[in-house]
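Note on naming: letters A, B, ... go to the chains in the order of the sequence lines (proteins, then strands), and numbering restarts at 1 for each one.
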Number of protein chains: 2
Amino acid sequence: MTMTTEIKTKKDVVTEFRTSGILEAARKVFAKKGFHEATVDDIAEAAGVAKGTVYLYYESKRDVYFAALKFGIGQMYSLLLDELHKATTPEEKLKALIAAKLAYFDENRDFFKIYYSELGNIPTAHPAGIDNEFQALYQEQARLVEAILKEGARKKAIRSLRTEQTAFAISDIIRGVGTHRILGWSKSKISQDVDFIFDLVWKGIAAQ
Amino acid sequence: MTMTTEIKTKKDVVTEFRTSGILEAARKVFAKKGFHEATVDDIAEAAGVAKGTVYLYYESKRDVYFAALKFGIGQMYSLLLDELHKATTPEEKLKALIAAKLAYFDENRDFFKIYYSELGNIPTAHPAGIDNEFQALYQEQARLVEAILKEGARKKAIRSLRTEQTAFAISDIIRGVGTHRILGWSKSKISQDVDFIFDLVWKGIAAQ
DNA sequence: CCCCGATGACTGACTATACAGTCAGTGTAC
DNA sequence: GTACACTGACTGTATAGTCAGTCATCGGGG
């Protein structure tokens, strides 16, 4: 009973080591080649294990893919929450969120590519539901923005507008600037891009 | 000499008939399944011809894909230009462009999916260059917006800002709202979405 | 302290399948 | 009877997933 929560057996350690190694390799390979072009052999090679080993820890190529994706999303999400808690006003929060997201993308370019490029591109899973799960994860991100907007509207810092749509629009801008950066089209510093987005958005949504 | 430009031989007519039929089928199939999951057999079946026939008119699956994509982009582009020419002020132009693009996406959902979902996702072509061609087509769209912004800045209707970045941001919002619509998350009328986007953007970029 | 058998993590050759692209043959129109 | 658009069975290749076998580690008995 306590064992399952407290004690790491040797097996646990090995499993953790392998899964994280494979996940890291998968992230890189998928980012570089995309889901379909990446082969399990590629991932195995990048992780320094044999193909069979991948299947000891993951059921399928798809499974690896989603595990890598979820890991990244979870990591980013908790980072975003951390940053949001440091800020107080809606204005600060919005700026913090933009900054944190851009920074995360910048540091995890391979994740960015998987997250957005392949998003919505994976064939519908046979038993259905994976697409929905995907969309849910995606919407969750936008909902962080929406919460800020609602708070801002309550405090009269933001004019009244369709918060859900606006939240998506803001997320889309962040995505777009992120793409710009990743593709190497933008030579600006992150902080400049953050200021730019915030400026544009804030003028668009501020009260009065 | 004149024949090549003026007279449609019977062969030309057949070719046109076949290519457009295949292209239309390809658009649907690619939109539904994505590039990799779609098979040439699927496309042939959807077009009501045998697989071999597809290869009489196109060199490869990729070739079909790009033909379908380029056709859609070209069509959309000329539509956008038409609408832009009807408008006079930068304000009108921006609104016209948003409206035209959303309308086109709404009427060509399968094109939308190909254009955005798969965009940037096709493996780098072996001889290189296809990715670049893609990016060029993508940038061309944003440049339409950029031209409006620059005109607006000249006429002092728009405050001075980084036009290129802003143009991309606006394109990203349109893309985002389009996604929203396509996924069925938005039940609004197109005109409502247009007003929403325009309102948000204009407040963000207007002078004063 | 050493040997030896058991455990299980790991391997990679192999199988089954799917699919892009080909081409010899068919049928129709003129 | 000939030209040629069209067909679809066939080929070659790529690769997801499997599984019989290897080897390193460890624990217990001599």
Distance check needed: [N] [atom2] versus [X] [atom1], whole Å only.
X	N	atom1	atom2	value
B:Asp63	C:dT22	CG	P	12 Å
B:Tyr58	C:dT22	OH	P	17 Å
B:Tyr57	C:dG21	OH	P	18 Å

Protein-to-nucleotide contact annotation, 5' to 3' order, nucleotides 12-19 of chain D [B base; S sugar-phosphate only; - none; under 4.0 Å, heavy atom]: ---SBBB-
Which residues share a side-chain hydrogen bond (donor to acceptor under 3.5 Å, both in side chains) with A:Gln192, sequence neighbours left out: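 Listed in chain order: nothing, the list is empty.
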Test side-chain hydrogen bond (donor to acceptor under 3.5 Å, both in side chains) applied to B:Thr39 - qualifying residues, sequence neighbours left out: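 Counting only residues at least two positions away or on another chain, B:Thr39 forms a side-chain hydrogen bond (donor to acceptor under 3.5 Å, both in side chains) with B:Asp42.
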Output a table of donor-acceptor pairs, distance under 3.5 Å, between side-chain atoms of residues 71-81 of chain B and any protein atom two or more places apart or on a different chain; print 'none' if there are none.
from: B:Gln75; atom 1: OE1; to: B:Tyr104; atom 2: OH; distance (Å): 2.6
from: B:Ser78; atom 1: OG; to: B:Gln75; atom 2: O; distance (Å): 3.1

Within residues 138-148 of chain A or reaching into it, pairs that qualify as salt bridge (Lys or Arg N to Asp or Glu O under 4.0 Å) - sequence neighbours excluded: A:Glu146-A:Lys150
All pairs passing salt bridge (Lys or Arg N to Asp or Glu O under 4.0 Å) where residues 96-106 of chain B contributes a residue, at least two apart: B:Asp106-B:Arg109, B:Asp106-B:Arg181
